Amino acid sequence: MCLQSLPMEAAATHTIDGKPVDGTQFFDVINPATASPFAQAPDASREQLDQAVEAARKAFESWRAVPHERRREILLGFATAIRSETENLARLLTREQGKPLAAAVREVQATAARIEGLVSFELTPETLRSDASGRVVLDYQPLGVVGAIAPWNSPLVLATQIAAQALVAGNSVIVKPSPFTPLATLRLGQIAARTLPPGLFNTVSGGNELGRWMTEHPGIEKIGFVGSVATGKRVLASAAASNLKRVSLELGGNDAAIVLADADIEAIAPQLFWGAFVNSGQRCMAVKRVLVHESVIDRLGAALVRLANQAKVGDGFEPGVELGPVQNRPQFERVLGLIKDALARGGYALAGGEALDRPGYFIAPTVISGVAEGVRLVDEEQFGPVLPLLTFTEVEEAVTRANATRFGLGASVWGGDPERAAEIARRLEAGTVWVNSHGGSAPQIPFGGFKESGVGRGLGLIGLKSYAEPRVLHLPPR
Ligand code: NAD
């Protein structure tokens, strides 16, 4: 099929109270592989947000009383409906986000799997004390209406993981996708309208203003947010100033991978490469800087260059494409700016180093050496297909440098002696630390950041508990 001839999408709708709701205003959605608009998304008004909050509040009153087993069945029905629309959702994702179609299919499957995994947890009451004087029991009460605010890198799975935790815990949700990638999420709202009670899962799209209105809204009890540190701080401030909303913040990272002198370079290079470049580097837990022992930098550099030069970059609909474009123009320009700055400050591009000469926001997979701390590419989160290689001499120094950041999302240690690598891993200040791998998450495993990489943990039982209010009951003896 000629990719340029794909038709414009029909105008998407919000889903409020189980019904499609048209926008009164619209904004363009750009295909990052062509840099051209291909659809429009509705821009929610304040009144539409109020309607969504009202509908969610009504739905919450019934949902909170639904027993866990029944909630589980209903939510599993939603997951099944998502799986049955895998192809439609994946095609929308590739067009709006840019990722290769196979990766988009995996994202849709992971979206359903988030729900299936999270419903396996139940917030059962815990008896803290039981004696002749009575019983003390801790139970978990749902909060009310939860606002889910998501970024553009993996729009479906991230919005859904917030929503699924909220719903399993007995809340209702209003989901707001990024204005860069609204369409697959709006489609998800339509699937929810067919499979969930009305008002339980509402979707509204709009710009950053809409996100701010949600954080200020007195009818919303909690914001589950995934996005950048800068926006996360705004969300926290606004949530505090309104009704002291609860917040979960899953924010950016600058994950270091420490490669020890005894690492099997040829064996680890592909994992390290894809740990950094998956989704064109647009992943919170991507490897964002490599600290490699000086004795093996040449071999590691050569292996990464080979992989960078082999990776097939292109439109996500082209067969065999492994890396799509950067998702949007501001991010494309930012990443190119970081590369330019690094090259002007002593760095040299072992691979890539520039945009591809074609329409769309494509950057050649770039590996840069000769840089160190103090260069923006090393100190900031690049969130794009460029990886700096830094050398170290002593392990002590590598640990200090890995930890010397305001971020603390993930980190990894790669070495031939797994026990020694694990010892070093235990010294890293990050929410997730891997040994001889990097990246990946699962609904059962908590995920989140130290320091400015976030507040709280998502997923797992810990994540689920953060969507509920613990209540202590002092009861008479049995
Ligand atoms: P962003 O912070 O710019 O936007 C995220 C969402 O917040 C969007 O929906 C946006 O419209 C909304 N928003 C913007 N201003 C707002 C405001 N004042 N109040 C409320 N909402 C507002 O982030 P992005 O550029 O879309 O995503 C990239 C960032 O997300 C990266 O830093 C990445 O590391 C991070 N991320 C983190 C995780 C994680 O799990 N820790 C996962 C994926 C992405």
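Residue numbers start at 1 and run along the sequence shown. From a predicted model like this one, the values you see are computed outputs, not experimental measurements. Ligands are counted one by one from 1 in listed order, and the atoms in each one are counted from 1 as well.
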Could you tell me which residues satisfy side-chain hydrogen bond (donor to acceptor under 3.5 Å, both in side chains) with Thr400, sequence neighbours excluded, listed by chain and number?
-> none
Lys/Arg N to Asp/Glu carboxylate O, Glu221 vs Arg57, below 4.0 Å | yes
Report yes if some heavy atom in the side chain of Ile368 is under 4.5 Å from a heavy atom in the side chain of Leu389; otherwise report no.
-> no
Do the charged groups of Arg329 and Glu333 touch, with an N to O distance under 4.0 Å?
-> yes
Find all protein N or O atoms under 3.5 angstrom from an N or O atom of ligand 1 and list the pairs with distances, or write 'none'.
| unit_1 | atom_1 | unit_2 | atom_2 | d |
| --- | --- | --- | --- | --- |
| ligand 1 | 2 (O) | Ser228 | N | 2.9 |
| ligand 1 | 2 (O) | Ser228 | OG | 2.7 |
| ligand 1 | 2 (O) | Thr231 | OG1 | 2.7 |
| ligand 1 | 9 (O) | Ala150 | O | 2.7 |
| ligand 1 | 9 (O) | Lys176 | NZ | 3.1 |
| ligand 1 | 11 (O) | Lys176 | NZ | 2.8 |
| ligand 1 | 11 (O) | Asn208 | OD1 | 2.7 |
| ligand 1 | 19 (N) | Arg212 | N | 3.4 |
| ligand 1 | 23 (O) | Ser228 | N | 3.4 |
| ligand 1 | 25 (O) | Trp152 | NE1 | 2.9 |
| ligand 1 | 26 (O) | Trp152 | NE1 | 3.2 |
| ligand 1 | 30 (O) | Gly227 | O | 3.3 |
| ligand 1 | 32 (O) | Glu381 | OE1 | 2.6 |
| ligand 1 | 34 (O) | Glu381 | OE1 | 3.4 |
| ligand 1 | 34 (O) | Glu381 | OE2 | 2.6 |
| ligand 1 | 40 (O) | Glu250 | OE1 | 3.0 |
| ligand 1 | 41 (N) | Leu251 | N | 3.2 |
| ligand 1 | 41 (N) | Leu251 | O | 2.7 |

N-O pairing of Glu322 and Lys99 below 4.0 Å | no
Salt-bridge contact Glu469-Arg246 (side-chain N to carboxylate O under 4.0 Å) | yes
